[in-house]
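Below is one structure, written out as structure tokens, with a few remarks after it.
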Amino acid sequence: MLSYTILYPSECIGGEVYFQIILIVNSLENLTTGTSMANEIPEFPFPYQPYPIQEQFMKALYGALEDSKVGIFESPTGTGKSLSLICGALTWLKDFEERKRQETADLLQEGEAVLSAPTTSSSASSQNSSADPDWITDFVQKKSERELVSKIKEDEIKRKKREERLEMIRHNAQLKYAFKRKSSEEDEALKLLQLSKGGEEEEALGDAEEEELIVAEYESDDDSKTKSKFCGGADDEDDDLVEEHVTKIYYCSRTHSQLAQFVHEVQKSAFCQDVRLVTLGSRQNLCINEDVRRLGSIQRINDRCMEMQKNKHEKPPPEEGAKRKRGPAKAVCPFMGATALQTLRDEVLGAVSDIEQLVTLGRKTHACPYYATRLAVPPSQLVVLPYQMVLHAATRRASGIQLKGQILIIDEAHNLSDTLSCVHSVELTGAQFCRAFSQLRQYSERYKSRLKAKNLMYIRQILFVLEGLVQVLGGKVGQNPQSQTTQPGTQLLTINDFLFKAQIDNINLFKLQRYFEKSMICRKLCGFVEKYAGSGVTPRPQTPGPQTPGGLNKENRRTEGLSRYLQALQKGPPAPSVPTGDQQGPAEAERVLAVSPMMQVEGFLMALTNSNKDGRVVVHRQGTLSESSVKFLLLNPAVHFAQVLTECRAVIIAGGTMQPVSDFKQELLFSAGVAPERITEFSCGHVIPPGNILPLVMSSGPSGQELEFTFQNRDTPRMMDETGRVLFNLCTVVPGGVVCFFPSYEYSRRTLAHWDSSGALARLAAKKKIFQEPKKANQVEQVLGEFSRCIQRCAADGGALTGALLFSVVGGKMSEGINFSDDLGRCVVMVGMPYPNIKSPELQEKMAYLDKHLPHTAGRSPGQALIENLCMRAVNQSIGRAIRHRGDYSSIVLCDRRYSRPATVAKLPEWIRSQTQVHASFGTAFAALRKFFVEKKKQQAV
């Protein structure tokens, strides 16, 4: 649309008309990007009277979206950050859409006026002796103008149809439920038809059964093949469900529970009835097909679902009377009816729903929530999804996410750099490499007569690469990895050095990556392994053949080796024969063995295509080949974040604690090529009064022992004893709950064991009941419930116990996302400084990379800054668990004299830093703490 001014130069068009076309094109460009500024920032429909900091937050957010900025927004937990994001962003989107509609109407009126106006030739064209005749100029001019106006009209018609349809969904329930009944009847009939063919599926075996495992003919130079929306071809019925993307907001956070909480905040806002919101999740979260859900692992669920979609798009069965190949009827998901999907898509767009509500809606409408939500993405206004779906390019493509010109809000972004590194880092063991090699070799041997030459060539390349990767670990393919010993040690290599060491530097990994993507070899191999090795049952021959004395023919012997090899990985020594059902281990072990690791291999090879300076490969040998591993470590997360920053209109990076911001910008934004003028920052204090928080830096204990939990002296008995005395004194004056964070699980274990033997733990238990962070994640809720009930009982009984003491770990299950509000967290104690393990090869390489590529500031290297930042980000997350609302109050005790350093205090959140008191002696710190709680008790009594 914007290329007409290039195709038709000014010499061919009169000067006046040329200016008119340029006017239309430029206006359309402004309409697309929305660069026009609103005269003033409007009022925000906050559900209640906002605090001043919330108003400031929303205004700053509105301005950042309007000016296409990359915003870093810091707002402490408990200040209504989610509601501020919702009201500020959706208010901007509403105004943007209104301006866009007005500009469209003006452009349409202007374009029609240009078409109806008479065309006059200009002096510029008359002066050119070789210019085209006037009738050609008029034709070219009118054609371009008509196409532009026609495009505007089409877009406006689509928008009106979409709005009318959504309005009908909201207000015409009778028609909506008629669609649902029709969908349910059609899909139920399909399900009954499939059930009636169940017996035939079990009996029919032959060529058709094998065909789905064969890799299709691969054309490496064909880049024009149409990609399916699901996984196979697409029919006209599905094309009707696809719409163009409108301007929208993508909101992502770390966990599904945080996303659900955000959706509930939207439901409480003034936008609940009008916004088109879609919540995206994985198949494991959204699948309602019980036959698929019970497969358990994410990979098997994905593979089975994709296979059923492929079956849906295959050619219909031959007409009656035609000769039909004998084979099993291929399963098609009964929840994939086009009408049912459209009904559920409209349901999703018509009401704000979280993942649990989507699953319920899917069962009611008999439609798949996973695919319905993806169909709902283009016309939606707000898409809620996990981190990984946005930060990983391949996942974005698979989910139908288009970031071009859109708004991206990344919440809970304090660990964004680490998240990007983890998403793009891959680790595999020697056992996985050997298993992948054996599976692929068995696959190629079985089907070599049916695979095309190019497929065989690429499969041989993959086998060659796998053999090289196993050799790097000091092993050989074709042998049991558990019985192969390796020389222990860790080696860190650049990508190029690793490729040379593995002797695979002559392989074009980019072409191999394309082959993985186009051929779907991972899914084919997984189906092959699941069919022949998962249950230990050998297949029947494809063609009749002579039987061996043992009752196995040639084809059976090919897959017998695969079954035997996988069984060897589980039990150790090779099995003498193919295991029967009675010889198998637990079902879970069989399920793990049935899954092919080739998908992880694909991810590792894709990681090796990164720039040599942006990544490293860690080769870790651990005695046996089976336990040894190779890990790709991404050193520069900015390289993958750069595409997101470039495509999006605006990116908002929000969190309760974003300090230290300067290092965050340097590592993730400046390194990604973001200009300083595009970055805007906003940080606000807490809504609580300043007197409701008491942060203390405690430099020494009750006996005068200096508190410095360095690696050299933190394990000494005197330091552990002094820590016990500090906690005992705190528990005498702090009511309710005390949460104590240790720097690591190991140090927590050693300290508690020492207290148990010295009697300190019994003295603490006499003051407050003691709880410990559980090792299993599914036990967290139980421990928190008991912790809360104990504090409530103590407050009601008024007995000897004054509450409860919870021992937790920085970076553990209770250091993030857990609310210790009110009496649950009247005091948070931080024992020592949780510095990461500086001896880690990965961390050392990361520090070396930063020292080489980032500038030194304030007399410190970027590597040193990384260590300090990792420590203080973990501290800030942990101490932020206490204050959760305006009326809450709490104390924070930082037990280590190193917290008193000005550079360290500067990395605390501003609302904590401004109130922090540094005490050289325990007596003054204890007096301040006692005074704080005495005053709060008096205020509550009044």
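Contact annotation: the side chain of Phe437 never approaches that of Ile462 to less than 4.5 Å [non-hydrogen atoms, C-beta and beyond]. Between Val618 and Val630, the closest side-chain pair of non-hydrogen atoms is not below 4.5 Å. At least one side-chain heavy atom of Leu469 sits under 4.5 Å from a side-chain heavy atom of Phe604. A 4.5 Å side-chain heavy-atom check between Leu420 and Tyr387 finds every atom pair outside the cut-off. Taking the side chain as every heavy atom from C-beta outward, Cys434 and Val470 approach each other to under 4.5 Å. Put simply, the side chain of Arg621 does not reach to within 4.5 Å of the side chain of Thr490, judged on heavy atoms. At least one side-chain heavy atom of Ile867 sits less than 4.5 Å from a side-chain heavy atom of Pro836. Two residues are said to be in side-chain contact when any heavy atoms from C-beta on lie closer than 4.5 Å; Met606 and Phe516 fail this criterion.
Rounding to the nearest 0.5 angstrom, the gap separating the CD atom in Gln484 from the CG atom in Leu473 is 10.0 Å. Here the straight-line distance linking atom CD1 of Ile459 with atom CZ of Arg441 works out to 13.5 Å at 0.5 Å rounding.
The backbone N or O of Leu634 sits nowhere less than 3.5 Å from a side-chain atom of Arg616 that would complete a donor-acceptor pair. One N or O on the side chain of Asn612 and one on the backbone of Ile495 form a donor-acceptor pair closer than 3.5 Å. A donor-acceptor pair is defined here as one N or O able to donate and one able to accept, closer than 3.5 Å; no such pair exists between the side chain of His392 and the backbone of Gln388. Looking only at distances, a side-chain donor or acceptor of Gln432 sits under 3.5 Å from a matching main-chain atom of Thr429. Checked by atom type and distance alone, the side chain of Asn455 never pairs as donor or acceptor with a backbone atom of Leu451 at under 3.5 Å. Side-chain atoms of Ser483 never come within 3.5 Å of backbone atoms of Gln479 as a donor-acceptor pair (strictly under, hydrogens ignored). Between the side chain of Glu845 and the backbone N or O of Glu842 there is no donor-acceptor pair closer than 3.5 Å. Asp614 places no side-chain N or O within donor-acceptor distance of the main-chain N or O of Asn636, the cut-off being under 3.5 Å.
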### Task
Report the C-alpha distance between Arg514 and Glu517 in whole Å, list the side-chain angles of each, state the deciding distance to 0.1 Å, and finish with yes or no for salt bridge (Lys or Arg N to Asp or Glu O under 4.0 Å).
CA-CA 5 Å; Arg514 175 174 168 78; Glu517 179 184 349; 6.0 Å; no

### Query
Asn837 and Ser840: side chain to side chain donor-acceptor pair (under 3.5 Å), yes or no, with the steps?
CA-CA 6 Å; Asn837 180 15; Ser840 164; 5.6 Å; no

### Message
I'd like to know whether Lys846 forms a salt bridge (Lys or Arg N to Asp or Glu O under 4.0 Å) with Glu667, so could you lay out the CA-CA distance, the side-chain angles of the two residues, the decisive distance to 0.1 Å, and finally the verdict.
### Response
CA-CA 11 Å; Lys846 178 78 171 179; Glu667 181 182 356; 3.3 Å; yes

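Neither side chain, Gln482 nor Thr624, offers a donor N or O lying under 3.5 Å from an acceptor on the other. A donor-acceptor contact closer than 3.5 angstrom is absent between the side chains of Tyr250 and Arg396.
Among all heavy-atom pairs drawn from Gln503 and Asn506, the shortest one is O-OD1, 3.8 Å.
Both tests hold for Arg374 against Tyr370: distance to the six-membered ring centre under 6.0 Å, angle to the ring axis within 45°.
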